[in-house]
Amino acid sequence: GTAIASAYLDADTAHLTTAQTFTGSKTFGTTTKLNFRDANAFINSPDANDLEIAATDITLDAAGTISLESDAISFLSPNANDPILQIKNTANDATSGRLRFISARGADGQDGDSVGRITFFGYDDGTPDAEQYAEIQTTIHDATNNQESGNMAFKVAAHDGGLEDGLVITGGSVDAEVDVTIANGAASVTTVSGTLTMGSTATIN
C-alpha cells in the first residue's frame with residue numbers, strides 16, 4: 001500500500017530522515033554496528049562493557065578540555081618506528097607545546113613526593129622478560145612555602161637490572177643555586193668531550 005508519511009507517525013516512532021530527540025535508552029545488539037558513510041567508519045561494542053570507535057582518521061574537536069578518566073592508556077602499532085605521540089604548536093610565535101605532570105594530592109606537598117616519572121622498558125635475552133632500562137623521575141626536594149626546590153634524577157639499569165642515578169639535578173639550598181651530581185660509585189667513568197669550563201671557585205680533588 002501507500003507508505004505512511006513521517007508526519008502521521010507518533011512522536012515515539014523512530015524517523016530515519018528527520019531530526020529527532022531520543023529520551024529513552026536504546027540498546028544495540030551484540031553484533032550491531034552504527035555505521036557512518038560506509039562500513040569502514042563505525043561504533044560498536046565488540047565485547048561486554050567495551051566500546052570500539054573505528055575509522056581511518058578520528059578527530060576530537062572540543063572547544064574546552066578533553067578528559068580521559070582511565071587508569072591506563074595504550075598506544076599500539078605493528079609498524080616500524082610507530083606509534084608516535086606528537087604535540088604540535090601552530091602559533092606563529094616563540095612558544096611551544098607542553099607536556100605537564102601534576103601531582104595533586106589535595107593536601108600540603110611533602111619532601112620526596114614524586115611529581116612525574118617517565119619509564120623505559122624493553123626485553124632481555126632470557127625468557128625474554130620485560131626489564132626497566134631507564135627512568136626520569138622528578139620529586140619535591142623541599143616543599144617549604146617560598147623555598148620550593150625540585151630534584152630530577154636520570155636513572156639507568158646498572159649491570160644487574162637495578163636502577164642507579166646517573167645524573168641528579170637538585171634545586172639547592174639557596175636562591176639561584178642548582179646542585180648537580182654526575183655518575184654513581186667510585187668505579188664510574190665520566191667522559192667530557194671538548195672543553196670543560198669551571199667557575200672561579202672550582203676545585204679538583
Side-chain angles (χ1 to χ4, degrees), residues 6-7 9-110 112-123 128-140 143 148 150-156 163 169:
S6 294
L9 299 177
D10 63 38
D12 195 45
T13 303
H15 299 232
L16 299 180
T17 58
T18 59
Q20 190 174 10
T21 300
F22 293 97
T23 58
S25 175
K26 303 295 183 286
T27 302
F28 290 86
T30 56
T31 60
T32 303
K33 293 182 179 180
L34 182 59
N35 289 88
F36 300 86
R37 291 181 179 267
D38 54 43
N40 296 318
F42 59 84
I43 300 175
N44 79 319
S45 178
D47 297 297
N49 304 316
D50 289 343
L51 182 66
E52 176 185 18
I53 302 176
T56 301
D57 295 310
I58 298 175
T59 300
L60 300 178
D61 188 359
T65 300
I66 297 176
S67 298
L68 300 177
E69 297 181 0
S70 173
D71 291 337
I73 300 175
S74 297
F75 298 88
L76 307 176
S77 173
N79 303 319
N81 299 315
D82 286 326
I84 180 173
L85 176 61
Q86 178 173 281
I87 301 176
K88 184 178 182 179
N89 180 294
T90 59
N92 186 18
D93 56 29
T95 64
S96 66
R98 294 172 291 172
L99 180 63
R100 176 179 294 181
F101 293 85
I102 301 177
S103 179
R105 62 157 63 214
D108 290 346
Q110 304 295 319
D113 282 0
S114 177
V115 293
R117 294 174 62 195
I118 303 176
T119 59
F120 303 86
F121 281 77
Y123 286 117
D129 295 319
E131 297 287 346
Q132 184 174 350
Y133 285 93
E135 175 177 303
I136 302 173
Q137 182 175 20
T138 303
T139 58
I140 296 176
E148 299 87 353
N151 176 282
M152 176 174 284
F154 293 78
K155 306 170 181 282
V156 294
L163 292 179
I169 306 172

Quiz item: If you measure from CG on Asp113 to CG on Asp108, what distance do you get to the nearest 0.5 Å?
Solution: 10.0 Å
Quiz item: Looking at OG1 of Thr139 and CZ of Arg117, how far apart are the two atoms once the value is rounded to the nearest 0.5 Å?
Solution: 11.0 Å
Quiz item: Of all heavy-atom pairs between Gly109 and Ala143, which one has the smallest distance, and what is that distance?
Solution: O-CB, 3.4 Å
Quiz item: Which heavy atom in Leu163 sits nearest to a heavy atom in Gln132, and how many Å separate them?
Solution: CD1-NE2, 3.2 Å
Quiz item: At their closest point, which heavy atom of Ser114 faces which heavy atom of Gln137, and how far apart are they?
Solution: OG-NE2, 3.6 Å
Quiz item: Between Ile118 and Phe101, is a side chain to side chain contact (heavy atoms under 4.5 Å, CB included) present by the stated rule, with each step listed?
Solution: CA-CA 10 Å; Ile118 303 176; Phe101 293 85; 4.0 Å; yes
Tabulate below the donor-acceptor pairs under 3.5 Å that side-chain atoms of residues 63-80 make, not counting sequence neighbours, or state none.
from  : atom 1 : to    : atom 2 : distance (Å)
Ser70 : OG     : Ala72 : N      : 3.3
Ser70 : OG     : Ala72 : O      : 2.8
Ser77 : OG     : Asn79 : N      : 3.2

List the atom pairs, with distances to 0.1 Å, where a side-chain N or O of residues 44-57 and a protein N or O form a donor-acceptor pair under 3.5 Å, not counting sequence neighbours.
from  : atom 1 : to    : atom 2 : distance (Å)
Ser45 : OG     : Asp47 : O      : 3.1
Ser45 : OG     : Asp50 : O      : 2.7

Self-check item: Residue pair Asn40 / Asp38: nearest heavy atoms and the distance that separates them
Solution: N-OD1, 2.8 Å
Quiz item: Looking at CZ of Phe42 and CG of Asn35, how far apart are the two atoms once the value is rounded to the nearest 0.5 Å?
Solution: 7.5 Å
Quiz item: Rounded to the nearest 0.5 Å, how far does CD of Glu135 lie from CZ of Phe121?
Solution: 8.0 Å
Exercise. Would you sort out whether Asn151 and Thr138 count as a side chain to side chain contact (heavy atoms under 4.5 Å, CB included), showing the intermediate values?
Key: CA-CA 6 Å; Asn151 176 282; Thr138 303; over 6 Å; no
Practice problem: Starting at OG of Ser103, measure out to CD1 of Ile140 and round the result to the nearest 0.5 Å. | Solution: 6.5 Å
Quiz prompt | Spatial distance of atom CZ (Arg98) from atom CD1 (Ile87) [nearest 0.5 Å] | solution = 10.5 Å
Exercise. Check whether more than 12 heavy atoms from other residues, nucleotides or ligands sit under 6.0 Å from atom CG of Asp82, and answer yes or no.
Key: yes
Quiz item: Is the count of non-hydrogen atoms from other residues, nucleotides or ligands lying under 6.0 Å from Lys26 atom NZ greater than 12?
Solution: yes
Quiz item: When you look at CZ of Phe120, are more than 12 heavy atoms from neighbouring residues, nucleotides or ligands closer to it than 6.0 Å?
Solution: yes
Quiz item: So, Asp61 and Thr59: side-chain donor and acceptor under 3.5 Å apart, yes or no?
Solution: no
